[in-house]
Protein chains: 2
Amino acid sequence: MSSTYTHSKKNQSLTKNQRIVLDLLQNSGEPLKAYFILDSLKKEGLNSPLQVYRALDKLVELGKIHKIESINSFIICNNSNCASNTAFTICERCGKVKEIKNKYLKDSVSDLVKDNQLEITRYNLEFYVLCKSCKIN
Amino acid sequence: MSSTYTHSKKNQSLTKNQRIVLDLLQNSGEPLKAYFILDSLKKEGLNSPLQVYRALDKLVELGKIHKIESINSFIICNNSNCASNTAFTICERCGKVKEIKNKYLKDSVSDLVKDNQLEITRYNLEFYVLCKSCKIN
DNA sequence: TTACATATGTAATAGTATAACATTAGAGGT
DNA sequence: ACCTCTAATGTTATACTATTACATATGTAA
């Protein structure tokens, strides 16, 4: 078996471990934790935490997924080309996470931090909210 | 010995554990990790992780310190009244963390997220930068 | 003083992530 | 086809971060 494993058209050039982790996150759409991913993919041949973390690290580096720091979870990227800059809303009540899609966000954000002694290389923004359905109920 | 332990004028009404943890963070000014705090305060009578985490939780709740999620560290609050909203710069090279002081930040930030289906209850913003001295060297 | 909420102390354990090392696979050049 | 280099893998062990559970003590207010 080839290790680039081009079973699906998408996610070519990924290795098998990277692809099955990405597929799981893609199919889920929700933030998943590393050890949950490990449990879910035992049957696919993932045996150790390190295998999961290595795949996750690579996928984060490629911008295909993001880590949501405050909940130690990983989620499929909902944009394109946002390997370094991320912004999420997290519902305080139900925990639902959505990636904020806003191509102008980066510029706005840069304006916020006006200290020209430093340059922003990347950012991670986590907004806690009451989501629509939790607001109603 | 009273458990409110008003040794210093500041930080009155805190318990002993809360006060020694806060004092350490105040004197340090840098982000510290929970187990580092534990080691540092062994001689003051802190014996277990839980004692540290309980003090940290309370201080975060009071807005006296903040947790920097992406580095699992805690830092003294550099503002006032920002129990729920935090913004930091973190140098990619040297790791130095600074809290962003900007009383207009909250309004600006709210404008960024224009989806009126949801309301922001709090936020945590982590900007990775090259700090002044790392930029030069 | 009673009652209640909050904080403490302690031991055990759960959850998250990386170090170290040996091995294998893929991509490019000759 | 072969060599070489880089990246990924597999495995074991361990380090780091945080919470559960339970018994005890303290502070505050009726």
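By convention in this document, chain letters (A, B, ...) are assigned in the order of the sequence lines, proteins followed by strands, and residues within each chain are numbered from 1. What you are looking at is a predicted structure, and each value in this text was computed from that prediction instead of being measured.
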### Message
Can you identify which nucleotide, out of D:dA18, C:dT10, C:dA19, has its nearest atom closest to the B:Phe74 side chain?
### Response
D:dA18
### Message
By nearest atom, which of the nucleotides C:dT8, C:dT18, D:dT9 is closest to the A:Gln18 side chain?
### Response
D:dT9
### Task
Find the distance A:Lys16:NZ to D:dA8:C1' and express it as a whole number of Å.
13 Å
#### Entry: Test item: A:Glu126 side-chain N/O and A:Glu69 main-chain N/O as donor-acceptor pair under 3.5 Å
yes
### Message
Can you confirm whether more than 12 heavy atoms, excluding those of B:Glu92, are under 6.0 Å from its CD atom?
### Response
yes
### Message
Rounded to whole Å, please give me the gap between CD in B:Glu69 and P in D:dT17.
### Response
13 Å
### Message
If you only use heavy atoms from C-beta on, which nucleotide in C:dT18, C:dA20, C:dG9 is closest to the side chain of A:Arg54?
### Response
C:dA20
### Message
For a quick test of reading the model: is some side-chain N or O of B:Gln51 closer than 4.0 Å to OP1 or OP2 of C:dG9?
### Response
yes
### Message
Can you see if the side chain of A:Asn17 gets near the phosphate of D:dT9 - specifically, an N or O under 4.0 Å from OP1 or OP2?
### Response
yes
### Query
Given atom CZ of A:Arg19 and atom P of D:dT9, what is their separation to the nearest angstrom?
12 Å
### Task
Indicate yes or no: at least one non-hydrogen side-chain atom of A:Ile76 is less than 4.5 angstrom from one of A:Ser28.
no
### Message
With a 4.0 Å cutoff (strictly under), does any side-chain N or O of A:Asn72 reach OP1 or OP2 of D:dT17?
### Response
no
### Query
Does A:Ser73 use its side chain to pair, donor to acceptor, with the backbone of A:Ile68 at less than 3.5 Å?
no
#### Entry: Ion pair B:Glu44/B:Lys16, N-O distance below 4.0 Å
no
### Message
For D:dA18 and B:Lys67 - does any side-chain N or O of the residue sit under 4.0 Å from the phosphate oxygens OP1/OP2?
### Response
yes
### Query
How would you list, by chain and number, every residue that makes a side chain to side chain contact (heavy atoms under 4.5 Å, CB included) with A:Lys43, sequence neighbours excluded?
none
### Task
Could you state the atom-to-atom distance from CG of B:Leu50 to P of C:dA7 in whole Å?
13 Å
### Message
Please check this pair: side chain of B:Lys67 against backbone of A:Ser70, looking for a donor-acceptor N/O pair closer than 3.5 Å.
### Response
no
### Query
Within this structure, what is the CG-to-C1' distance between A:Asn47 and D:dT9, rounded to whole angstrom?
11 Å
### Query
Within this structure, what is the CG-to-C1' distance between A:Leu14 and C:dG26, rounded to whole angstrom?
14 Å
### Query
About how many Å separate CG of B:Leu24 and CG of B:Leu32, when rounded to the nearest 0.5 Å?
5.5 Å
### Task
Could you please spell out the steps behind the side chain to side chain contact (heavy atoms under 4.5 Å, CB included) verdict for B:Asn78 and B:Ile100?
CA-CA 8 Å; B:Asn78 200 22; B:Ile100 299 176; over 6 Å; no
### Message
Would you say B:Ser48 places a side-chain N or O within less than 4.0 Å of OP1 or OP2 belonging to C:dA11?
### Response
no
### Query
So what is the end-to-end bend of the helix from C:dT1-D:dA30 to C:dT30-D:dA1, with 5 pairs used at each end and the value given to 10 degrees?
40°
### Message
Just N and O in the side chain of B:Thr15: are any of them under 4.0 Å from OP1 or OP2 of C:dT6?
### Response
no
### Query
What's the CD1-P distance between A:Ile71 and C:dG15, to the nearest Å?
16 Å
### Task
Report yes or no: does A:Lys33 contribute a side-chain atom to a donor-acceptor pair with the main-chain N or O of A:Ile71 at less than 3.5 Å?
yes
### Task
Can you sort out which residues in residues 32-46 of chain B have a heavy atom within less than 4.0 Å of DNA chain C? Ascending by number, please.
none
#### Entry: Residue B:Tyr53, side-chain atoms from C-beta onward, closest of C:dA7, D:dT19, C:dT18
D:dT19
## Note on the structure
To the nearest angstrom, the CG-C1' distance between A:Leu59 and D:dA8 comes to 13 Å
